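Heads up, the thing below is written out as C-alpha cells.
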Amino acid sequence: MNRLYLAAPLLLVACNSQPTIKAENASVAEVAAQARSAVKIEPGQWSHQTDVLNFDMPGVKDPNMARIMGDAMKKAQSKTISYCITPEEAAKPRFGETPGADCRYKNFTMGGGKIDATMVCKPKQGGAMRMAMAGTYSPTAYDMTVEMKMDNPNMPGGGMTMKAHTKGARTGECPAGAS
C-alpha cells in the first residue's frame, strides 16, 4: 500500500502546455506510456508532504481499537520527506507502477495543470483497492487529495478507508554528491 500511495504524486508533474491525456479502463502501463511523453519534471531537490486527513476501519467493532489503529496509521503516513530527482530520473518518471498488484485506471485525465484519476487494484494478498486522486500539478509542484478504499478479508475488520492530502515542490538544486 505504501509504495502505491507514495508513487501517486509522481503522476502530477507534467507540463501545463502539453496535450490532455485521457484514458478509460486502461492499464497502468498504457497510461504511463502516454504520460511519459508529456511529463516535464524539473530535476533538483524536492520536498514531499503527506497528511492523513481521515483513516477508518469500519469493520473493527471496538471503537478504542479503531482509534488506536487510526492514530498509528496517521502517525506512520503523515510526514515530510526530501529527496533528489536526478536529470536521468526526471527523464523517465514512474507512473503508479506497483509491484505485487494488478491495477487499472478506471479513468485518467491529466491536462491543463489538473489531474483526476481513479485506479482499481487487485493486490496479490487478496481483496480489492480503489484509489481516487484529484489535484493540480506543474513541472515544479503538485497538490492533490487521495482517497483510498481497501477491502481485504485478511485485514483486521476486513478493510479500511483513508483520505490524505499530499503536496510537493522543487526546493532547489540537489546537494553536491546526491544521486
Side-chain angles (χ1 to χ4, degrees), residues 1-54 74 76-121 129-149 162-179:
M1 177 177 76
N2 205 15
R3 191 173 276 239
L4 175 64
Y5 180 67
L6 292 176
L10 293 179
L11 294 168
L12 299 177
V13 290
C15 181
N16 290 345
S17 64
Q18 297 298 320
T20 297
I21 299 166
K22 288 189 174 201
E24 290 184 14
N25 192 28
S27 72
V28 173
E30 291 167 332
V31 169
Q34 289 183 51
R36 278 193 185 105
S37 64
V39 169
K40 305 294 182 224
I41 299 172
E42 285 197 21
Q45 192 71 18
W46 281 70
S47 176
H48 168 91
Q49 180 180 342
T50 299
D51 293 304
V52 175
L53 305 174
N54 186 22
K74 286 179 183 178
Q77 293 292 323
S78 295
K79 56 186 152 191
T80 300
I81 60 173
S82 183
Y83 54 93
C84 177
I85 295 180
T86 66
E88 296 78 21
E89 291 167 329
K92 295 182 180 181
R94 293 181 46 212
F95 285 92
E97 295 96 338
T98 306
D102 174 19
C103 298
R104 294 190 71 78
Y105 282 102
K106 182 177 175 183
N107 65 285
F108 183 95
T109 304
M110 183 170 103
K114 295 184 180 191
I115 185 167
D116 182 27
T118 303
M119 178 187 285
V120 292
C121 299
M129 184 190 74
R130 179 185 180 278
M131 184 169 65
M133 303 164 272
T136 59
Y137 64 87
S138 76
T140 59
Y142 55 86
D143 189 311
M144 67 185 274
T145 299
V146 178
E147 294 187 51
M148 183 185 307
K149 180 179 183 191
M162 180 171 63
K163 182 176 183 179
H165 177 248
T166 185
K167 63 183 178 179
R170 186 180 185 280
T171 58
E173 297 301 320
C174 292
S179 56

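Remember, predicted model here, so these are calculated numbers, not experimental data.
Atom CG of D102 is separated from atom CE of M129 by 11.0 Å, given to the nearest 0.5 angstrom. The distance from the OG atom of S27 to the OH atom of Y105 is 10.0 Å, given to the nearest 0.5 Å. Going from atom CD1 of I21 over to atom CD of E30 covers 13.0 Å, rounded to the nearest 0.5 Å.
Residues meeting the salt bridge (Lys or Arg N to Asp or Glu O under 4.0 Å) test with E173, sequence neighbours left out: R170. With sequence neighbours excluded, the residues forming a side chain to side chain contact (heavy atoms under 4.5 Å, CB included) with N25 are R104, listed by chain and number. Residues meeting the side chain to side chain contact (heavy atoms under 4.5 Å, CB included) test with K22, sequence neighbours left out: T20, T109. Taking the side chain to side chain contact (heavy atoms under 4.5 Å, CB included) definition, one finds that N54 meets it with K163, sequence neighbours left out. The side-chain hydrogen bond (donor to acceptor under 3.5 Å, both in side chains) search around Q49 returns D51, not counting sequence neighbours. Qualifying side-chain hydrogen bond (donor to acceptor under 3.5 Å, both in side chains) partners for S82, counting only residues two or more places apart in sequence or in other chains: Q45. Taking P43 as the reference, P87, A90 meet the side chain to side chain contact (heavy atoms under 4.5 Å, CB included) condition, with sequence neighbours excluded.
Residues I81 and W46 have side chains not in contact (no heavy-atom distance under 4.5 Å, counting atoms from C-beta outward). Side chains of C174 and T86 form no contact here, defined as non-hydrogen atoms less than 4.5 Å apart. For the pair I115 and M133, the minimum side-chain heavy-atom distance is 4.5 Å or more.
In terms of heavy-atom proximity, A132 sits nearest to R130 at CB-NH1, 3.9 Å. Listed here is the closest heavy atom pair of N107 and D116: ND2-O, 3.7 Å.
Within 6.0 Å of the CD atom in E24, the count of heavy atoms belonging to other residues, nucleotides or ligands does not exceed 12.
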Please lay out, stage by stage, how V28 and M119 fare under the test side chain to side chain contact (heavy atoms under 4.5 Å, CB included). CA-CA 9 Å; V28 173; M119 178 187 285; 3.9 Å; yes
